[in-house]
2 protein chains.
Amino acid sequence: MAESKKEQAPNNGAGTRRRGDVLENAILQAAWDELETTGYNRLTMEAVAVRAQTNKTAVYRRWPNKAQLIIAALIKFAPKPSLEAADMGDLRTDVLTFLQGIFKPLQAIGAETIHGLMSEYPGKEHPMSKPLPPRSEDALFAAMKAIVGNAEKRGELQPDRLPERVISLPVDLLRYEMLTTHGSVSEDIVVQIVDELFLPLVKAVAQAE
Amino acid sequence: MAESKKEQAPNNGAGTRRRGDVLENAILQAAWDELETTGYNRLTMEAVAVRAQTNKTAVYRRWPNKAQLIIAALIKFAPKPSLEAADMGDLRTDVLTFLQGIFKPLQAIGAETIHGLMSEYPGKEHPMSKPLPPRSEDALFAAMKAIVGNAEKRGELQPDRLPERVISLPVDLLRYEMLTTHGSVSEDIVVQIVDELFLPLVKAVAQAE
DNA sequence: AGAGTACGGTACGTACCGTACCTTATATGA
DNA sequence: TCATATAAGGTACGGTACGTACCGTACTCT
């Protein structure tokens, strides 16, 4: 009798109403799925709610807008590059493997999403969780510094000769290419960046004899 | 009597209804003004129409969406960099003056607008008038090639030694910085790019003895 | 058991989009 | 000079998405 109100429990027969982390994860998962199938621009809060089998209210209770929601979804579900600096014996190999390792993760997020986020994001008055952090806090930059540090320890480079701009050059250019190339970026861009730009530069500035 | 319908001619007393290029320019001017005061995201077609003292219909008759309208406004009103390669006697001066010349125009457009355009722009199936053209058609790249060519003629560089990536490096990095730096980019980034990256690279690869 | 919390669900007001429709001014040329 | 086509002015609409309010109801916790 009292059960008649349930009208065929809408989910599985077990505990019906999700809460807290369970619901939060379901929403983030839905946002990530929606992002992959629909793309950032056409993604709507309502579609995310529907896919998560909940409603907009539950979404807005947690994230105030689309940008914040998607950032949270990226943090949780986007493929993360390995940030441990490979240490294989020479600088070229280390940088190449590192860049190749971040290539696919960057590509998985996609230019449309980045542009959308950076376009919509408040920026001012919002010093938290930006899509692209300043260089000093950038994990990819830190990884490159570690790689260069290893090469210095091995004696490949004279210490402290490389300006920050040189160290960040490969990651910056890779990101630039991802942002501005509609369609897919060929993976050999990584090799070009290393062999035509980074290594000649290193050689000119700081290579030990 | 028949004049009573005019209700105090809303514009100047002279020819009332604008057409063709006059109206088109008024709309583009309004779009440009609106872009500068409101910003790309919050700019609406209706606001442009109101500022141009016309209505949405007249706008949509000419441009199918916001992105196209803004691109047209940029082409007409955005400050254009000088594309003639300076030829002052040495490569460093030429590249510096060139980069400094494109600095302000790039900054005038602004990251928000570029991100918005690149986010909304169809891209696929639309091979026309992209915000960022491919390198081969990029006017800034062509200018850099001319500058390098001048240096080769002077004997500063050995001819045909510089890969395209080296030539486009300064412009690419400058654009990257403009796109990813919220707030204002300091102008000495230009000097850094030239002195820490481009010139050492040129020296390493192609400088004549 | 009771009380607070947070989800489910709906409905609403707002904003903007893009289009349809009609009226009216202007350019053109027969 | 008048007729006609064109394009402007202007309004109104359907549609979509946003973000919020409200309320009933399940769940949690003590």
Side-chain angles (χ1 to χ4, degrees), chain A residues 1-28 30-31 34-35 38-70 116 119-122, chain B residues 1-28 30-31 34-35 38-70 116 119-122:
Chain A
M1 315 258 188
E3 291 178 354
S4 67
K5 273 188 176 175
K6 274 187 165 181
E7 301 167 357
Q8 304 276 24
N11 280 337
N12 41 30
T16 316
R17 192 172 281 191
R18 296 162 297 173
R19 303 185 158 247
D21 288 348
V22 178
L23 181 56
E24 178 161 330
N25 288 337
I27 295 173
L28 289 177
E34 200 70 13
L35 187 65
T38 310
Y40 185 85
N41 290 323
R42 305 179 20 176
L43 177 148
T44 75
M45 299 296 259
E46 183 135 29
V48 171
V50 168
R51 188 186 279 263
Q53 304 193 62
T54 178
N55 51 301
K56 279 191 295 179
T57 315
V59 180
Y60 278 108
R61 271 197 267 264
R62 295 174 163 76
W63 301 276
N65 53 54
K66 180 164 137 178
Q68 304 266 0
L69 168 63
I70 295 305
S119 166
E120 290 185 4
Y121 210 75
Chain B
M1 320 258 177
E3 292 175 352
S4 66
K5 272 188 177 175
K6 274 187 166 181
E7 301 168 356
Q8 305 274 27
N11 279 339
N12 40 30
T16 315
R17 195 171 279 190
R18 296 161 297 174
R19 305 187 156 242
D21 289 347
V22 178
L23 181 56
E24 177 160 330
N25 288 337
I27 295 173
L28 288 178
E34 199 70 13
L35 186 64
T38 310
Y40 185 85
N41 291 322
R42 304 179 19 177
L43 177 148
T44 75
M45 299 297 259
E46 183 135 27
V48 171
V50 167
R51 187 187 279 264
Q53 304 193 63
T54 177
N55 50 307
K56 279 192 296 181
T57 316
V59 180
Y60 278 108
R61 270 197 268 263
R62 294 174 163 77
W63 302 276
N65 53 53
K66 179 165 137 180
Q68 305 266 1
L69 168 62
I70 295 305
S119 167
E120 289 184 5
Y121 210 75

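Lettering of chains follows the sequences in order, A, B, ..., and the numbering in each one begins at 1.
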Just the rounded figure in Å: distance from [atom2] of [N] to [atom1] of [X].
X: D21(B); N: dA8(D); atom1: CG; atom2: C1'; value: 15 Å
X: L23(B); N: dT26(C); atom1: CG; atom2: P; value: 13 Å
X: Q68(B); N: dC17(C); atom1: CD; atom2: C1'; value: 16 Å
X: Y60(B); N: dC21(C); atom1: OH; atom2: C1'; value: 17 Å
X: R42(B); N: dC17(C); atom1: CZ; atom2: P; value: 13 Å
X: R62(B); N: dG18(C); atom1: CZ; atom2: C1'; value: 17 Å
X: E46(A); N: dT20(D); atom1: CD; atom2: C1'; value: 13 Å
X: L69(B); N: dC16(C); atom1: CG; atom2: P; value: 15 Å

Nearest heavy atoms of [X] and [Y], plus distance in Å:
X: L43(A); Y: I70(A); result: CD1-CD1, 3.9 Å
X: A49(B); Y: K56(B); result: CB-N, 3.5 Å
X: Q68(A); Y: W63(A); result: O-CD1, 3.9 Å
X: L23(A); Y: A58(A); result: CD2-CB, 4.2 Å

So how far is it from [X] [atom1] to [Y] [atom2], rounded to the nearest 0.5 Å?
X: L69(B); Y: R62(B); atom1: CG; atom2: CZ; answer: 11.0 Å
X: I27(B); Y: T54(B); atom1: CD1; atom2: OG1; answer: 5.5 Å
X: S119(B); Y: Y40(B); atom1: OG; atom2: OH; answer: 8.0 Å

N or O in side chain of [X] less than 4.0 angstrom from [N] OP1/OP2:
X: T54(B); N: dG9(D); value: yes
X: R61(B); N: dG9(D); value: no
X: R18(B); N: dA7(D); value: no

E34(A) pairs by salt bridge (charged side-chain N to carboxylate O under 4.0 Å, His left out) with which of R42(A), R51(A), K66(A)?
R51(A)
Any sub-3.5 Å donor-acceptor pair from N55(A)'s side-chain atoms to V50(A)'s backbone N or O?
no
Bend of the helix from dA1(C)-dT30(D) to dA30(C)-dT1(D) from end-axis comparison, five pairs per end, nearest 10°, comes to 10°
What protein N or O atoms touch nucleotides 11-15 of chain D N or O atoms at under 3.5 angstrom, if any, and at what distances?
{"from": "dT11(D)", "atom 1": "O4", "to": "T57(B)", "atom 2": "OG1", "distance (Å)": "3.4"}

